[in-house]
Amino acid sequence: MPPTAPADNEIHCERLHQLAAVLRESEQILADFDAWREEHSDLDGWPLDDDEHSRHAVKRDADTWRSFNRVRAFAKDLLATAEVQVQQLNPAHLQSRWPWQLGVLDHALTQLGALQQQWLEARDALPPNAGPGSFAYDDALAERNEEAWCYLDDWSTHGKALLEIQAAAQDHPPRPPALAAATPHALPAAPAVAPSSVARR
């Protein structure tokens, strides 16, 4: 893949800026839920009111999906650029966890895409009168959000790696093509991205 053009790099940086905002928001959503849960649980950690706990969990899941959905359309592009940057960086400037984290993010994004497709099919199969606000619609939507949450949490946990890779690429840009061709062994290949082995929680 050729080096990123200035315009493409500007778009990538703007998208990373949006991702950073999503990561902060997702972290706050989880922190708010955990704070509420701690306040409304007994000494063993069990909720004092199961129904109220379920309502808050449903809201957490929906808010996290809504937040991540702002970047979901171009998340694959963010991963593709980061993978190229990892390959171009000198191994001395790499974090060993980055390839693994990219694999986790890619797996999570694939699963989110599958869950979204399942939700669209389930929505289209609902009766004409089962729109937003109906039990059938809201229940199917909540089910998608619940199943998606662990993958959204993977992005909340590991998405910062994309920001770190971008920072490393800016601080240690790859050599010009002509110089790299003259010294082909100067930059050993970075480790390949390992397949994700994330288990669903």
Side-chain angles (χ1 to χ4, degrees), residues 1 4 8-9 11-34 57-89 91 93-124 139-170 188-201:
M1 181 178 291
T4 306
D8 291 339
N9 188 60
I11 293 172
H12 182 65
C13 289
E14 173 57 29
R15 288 173 170 178
L16 285 176
H17 180 73
Q18 295 179 55
L19 175 63
V22 166
L23 296 179
R24 289 193 298 271
E25 186 174 63
S26 298
E27 183 179 358
Q28 187 59 54
I29 291 169
L30 180 58
D32 290 345
F33 174 78
D34 286 344
V58 167
K59 184 178 186 303
R60 176 204 63 184
D61 299 344
D63 289 347
T64 306
W65 176 279
R66 191 177 301 111
S67 180
F68 182 74
N69 209 42
R70 301 206 307 269
V71 301
R72 188 169 61 88
F74 52 77
K76 194 74 173 179
D77 293 335
L78 292 179
L79 285 172
T81 298
E83 287 169 357
V84 172
Q85 291 172 324
V86 165
Q87 292 168 5
Q88 292 178 339
L89 279 167
H93 303 138
L94 289 173
Q95 294 287 338
S96 60
R97 57 182 165 79
W98 285 345
W100 173 78
Q101 288 180 297
L102 292 179
V104 171
L105 295 173
D106 184 63
H107 174 78
L109 190 61
T110 298
Q111 298 304 311
L112 290 170
L115 289 170
Q116 174 66 358
Q117 184 59 38
Q118 292 171 17
W119 149 245
L120 293 176
E121 293 172 359
R123 183 198 63 183
D124 293 343
D139 187 58
L141 183 60
E143 182 178 350
R144 181 206 65 183
N145 294 340
E146 180 182 9
E147 294 183 9
W149 190 84
C150 66
Y151 302 115
L152 295 171
D153 189 51
D154 283 338
W155 270 84
S156 299
T157 302
H158 300 291
K160 189 178 178 182
L162 297 175
L163 308 178
E164 296 170 343
I165 292 169
Q166 173 68 10
Q170 289 180 328
V193 176
S196 173
S197 58
V198 176
R200 293 184 62 175
R201 293 188 290 275

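Only a predicted model underlies this, so the values are computations on that prediction, with no experimental measurement involved. The basis for the numbers below is simple: all heavy atoms, side chains too, and nothing from hydrogens, waters or symmetry mates.
Considering only residues two or more places apart in sequence or on other chains, Lys76 meets the side-chain contact (heavy atoms from CB on, under 4.5 Å) condition with Asp106, Leu109. Under the salt bridge (Lys or Arg N to Asp or Glu O under 4.0 Å) criterion, Arg97 pairs with Glu164, not counting sequence neighbours. With sequence neighbours excluded, the residues that form a ring-ring contact (aromatic ring centres under 6.0 Å, His included) with Phe33 are His53. Remark: Arg72 engages no residue in a salt bridge (Lys or Arg N to Asp or Glu O under 4.0 Å) (not counting sequence neighbours).
Taking all atoms of both residues into account, the shortest heavy-atom contact from Ala82 to Ile165 is O-CG2, 3.9 Å.
Proximity of Val86 to Leu94: side-chain heavy atoms (C-beta onward) are separated by under 4.5 Å at one or more points. Side-chain contact check for Leu105 versus Leu78: every heavy-atom pair is 4.5 Å or farther apart.
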Could you list the donor-acceptor pairs under 3.5 angstrom formed by side chains in residues 112-124, with sequence neighbours left out?
| from | atom 1 | to | atom 2 | distance (Å) |
| --- | --- | --- | --- | --- |
| Gln116 | OE1 | Arg144 | NH1 | 2.8 |
| Gln117 | NE2 | Glu121 | OE2 | 3.3 |

Could you give the side-chain donor-acceptor pairs of residues 15-31 under 3.5 Å, partners two or more places apart or in another chain?
| from | atom 1 | to | atom 2 | distance (Å) |
| --- | --- | --- | --- | --- |
| Arg15 | NH1 | Asp77 | OD2 | 3.3 |
| Glu25 | OE1 | Ser67 | OG | 2.5 |
| Glu25 | OE1 | Arg70 | NH1 | 2.8 |
| Ser26 | OG | Val22 | O | 3.0 |
| Gln28 | NE2 | Asp32 | OD1 | 2.7 |

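Atoms CH2 and CG, on Trp155 and Leu162 in that order, are 5.0 Å from each other to the nearest 0.5 Å. Distance check, rounded to the nearest 0.5 Å: CZ of Arg66 to CG of Asp63 gives 5.0 Å.
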I would like to know whether Glu146 and Trp149 meet side-chain contact (heavy atoms from CB on, under 4.5 Å); could you show each step before the answer? CA-CA 5 Å; Glu146 180 182 9; Trp149 190 84; 6.0 Å; no

Show your reasoning for whether side-chain contact (heavy atoms from CB on, under 4.5 Å) applies to Leu79 and Leu102. CA-CA 7 Å; Leu79 285 172; Leu102 292 179; 3.9 Å; yes

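Note: His158 and Trp100 have perpendicular aromatic rings, judged against thresholds of 30 and 60 degrees for the angle between ring planes.
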